[in-house]
Amino acid sequence: MTTINVRHETMRIAGQRVDNDRRIEVRYPFTNALVGTVPMATLDDVRGAFRSAAAYKPTLTRYERHRILQRTAELLLARKDEISDLITLEAGLSKKDSLYEVTRAYDVFMLSGLLCLQDDAQVFSCDITPNGQQRKIYTTRSPLRAIAAITPFNHPLNQVAHKIAPSIATNNCMVLKPSEKTPLTALLLADLLYEAGLPPQMFSVITGDPAEICDEMLTSEHSDMITFTGGVAIGKYISGKAVYKRQLLELGGNDPLIVMEDADLERASTLAVNGATKNSGQRCTAVKRILVVESVADRFVELVTAKAKLIRFGDPMSADNDMGTVIDEEAAELFERRVNDAIVAGAELKYGHQRDGAVYGPTVLDRVPPEAEVVLQETFGPVIPIIRCPDDIEAVIRISNATAYGLSSGVCTDNFKYITRFIDGLEVGSVNVWEVPGYRIEMSPFGGIKDSGLGYKEGVLEAMKHYTHLKTYSLPW
Ligand code: NAD
């Protein structure tokens, strides 16, 4: 039985702890026990947070930002167990997943701390055409006014890290609203940042009911930008609402793992099962569809089924389990319903499809019709749906591109002609050969096209560019 020290939290607004009696409850998805409560912000709270953020003009040197980011990274490691416990309690992720998440957040802060030391300024000599002059044009970057950030539940720490670390690296002030399902880790992170020396005006965390407060966040006269990670529906709503603001939208995915006839099926099946089940399948870049060519499909399905059976799942706090719960029972019921519909439409259930509350085990489906909802829509859970494709790369590409999403992809083949054709032909933001679609490092460009995003990337370096105004100045030199 897990003992829970219930946390009754306050918001953090420019260093003030702001509270009220209207509360949101956060519950442990495995037992439904209370983990904590957070206040529901009022519109005045939101306005106050943006006013303070816009009024504060950070003056931290690059060295000072570097030190704060490095100290935060070190604090995360020093308190890794406690932080991963909190992630597991509010999200139901296994301890393996939540410990991994803390180490990813370490990378985000560590890399941001290094990257902020480097100035990306450019110099253009102007005497290079017949109309040229003896001048030089230089570039310099400056922070925005307040940045609004909204994050999803699936990585309660790392999603927030990817917003705030580049914001600090560029001397910005950010107002964050974490998911109402997982707000507690974000508040803990705010405290670590303050402990590391961050001026509190540079990071406020507000909590509450999105229906009440998000429009104010999206339209605040004090902010220049909204950075959002979450689902397509809300992302598209934001794109229409946050008029004349810079928008960074990282939305849902429906990423394929593609297996061609020459692939090492042992290796491909390991990628398939890991990619579909890590973080309980709740990654924007989880393997959500497996496209395997018919000539090797029988053997591949056998291997995937055998490996799925090895995944241990259930009690998220048990160190032996690979997978905990999904975010809540409602989500698990949705997967169950979609799998049932796929079976009615002709898919074959190979393993799994057992639900107990918010615990839904790895579920292998073979012969899934490409138009079944379980693969046409984003199924944000540990379903492993296999679509058999003709032995023809153009047909595979057509099936892969036939959803509205375009985030990432993984490709299992050693055939160089195939590899170049996939890099050209897949309508996605990333193609990873012999890796899961989610493979990245925290500073490499990351993000999707089509319904997965507008093509503007995240990842520490790209985010630092989006969070700044680029100014040029020229000198008679
Ligand atoms: P969600 O879209 O339901 O919620 C995301 C955030 O939006 C939450 O903080 C929520 O409170 C807020 N929100 C709700 N209504 C809003 C409104 N009207 N205006 C503004 N914000 C509002 O997503 P979720 O269920 O928390 O997360 C899962 C989704 O996130 C999946 O689709 C997943 O693929 C996506 N995701 C994308 C990436 C990426 O980098 N592309 C990464 C992780 C997750």
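Throughout, numbering of the chain's residues begins at 1 and tracks the sequence. On a predicted model such as this, the values are computed, not experimentally measured, just so you know. For ligands, and for the atoms within them, numbers begin at 1 and follow the listed sequence.
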May I ask which of [options] has a heavy atom nearer to [atom] than the others do?
atom: atom 31 (C) of ligand 1; options: Arg283, Gln159, Glu378; result: Glu378
atom: atom 3 (O) of ligand 1; options: Ile213, Thr207, Ile226, Ile234; result: Ile234
atom: atom 28 (C) of ligand 1; options: Tyr405, Tyr237, Phe380, Phe228; result: Phe380

Ligand 1 to [X] polar contact by distance, N or O atoms, under 3.5 Å:
X: Phe446; value: no
X: Cys284; value: no
X: Lys177; value: yes
X: Leu251; value: yes
X: Lys181; value: no
X: Thr151; value: yes

Write out the residue and atom name of the closest protein heavy atom to atom 35 (C) of ligand 1, then the distance separating them to 0.1 Å.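 It is Gly230 O, 3.2 Å.
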Suppose we measure from atom 21 (N) of ligand 1 to each protein heavy atom; which comes out shortest, and what is that distance? Cys214 SG, 3.4 Å
Please identify which atoms of ligand 1 are closer than 4.0 Å to at least one heavy atom of [X].
X: Gly253; result: 34 (O)
X: Glu180; result: 10 (C), 11 (O)
X: Gly252; result: 32 (O), 34 (O)

Would the distance check show the side chain of Thr363 and the main-chain N or O of Gly361 forming a donor-acceptor pair, the cut-off being under 3.5 Å?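 It does hold such a pair.
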Quick one: side-chain hydrogen bond (donor to acceptor under 3.5 Å, both in side chains) partners of Glu82, sequence neighbours excluded?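 So Glu82 forms a side-chain hydrogen bond (donor to acceptor under 3.5 Å, both in side chains) with Arg79.
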So, are Arg141 and Asp120 salt-bridged, with charged N and O less than 4.0 Å apart? yes
Could you tell me whether Arg388 and Asp366 make a salt bridge, using a distance below 4.0 angstrom between a side-chain N and a carboxylate O? yes
Is the OH atom of Tyr194 crowded by more than 12 outside heavy atoms at less than 6.0 Å? yes
Can Arg355 be said to sit on top of Tyr360's aromatic six-ring, NZ or CZ under 6.0 Å from centre and within 45° of the ring axis? no
CD of Glu373 to OG1 of Thr379: how many Å apart, nearest 0.5 Å? 7.0 Å
Is Pro210 touching ligand 1 with its side chain, its backbone, both, or neither, if touching means heavy atoms under 4.0 Å apart? side chain
Within the 4.0 Å heavy-atom cut-off, what Asn154 brings close to ligand 1 is side chain
Return yes if a side-chain donor-acceptor contact under 3.5 Å exists between [X] and [Y], otherwise no.
X: Thr37; Y: Glu9; value: no
X: Lys163; Y: Thr227; value: yes
X: Asp45; Y: Thr42; value: yes

Say whether Gly448 and ligand 1 are in contact under the criterion: heavy-atom distance to a ligand atom below 4.0 Å. no
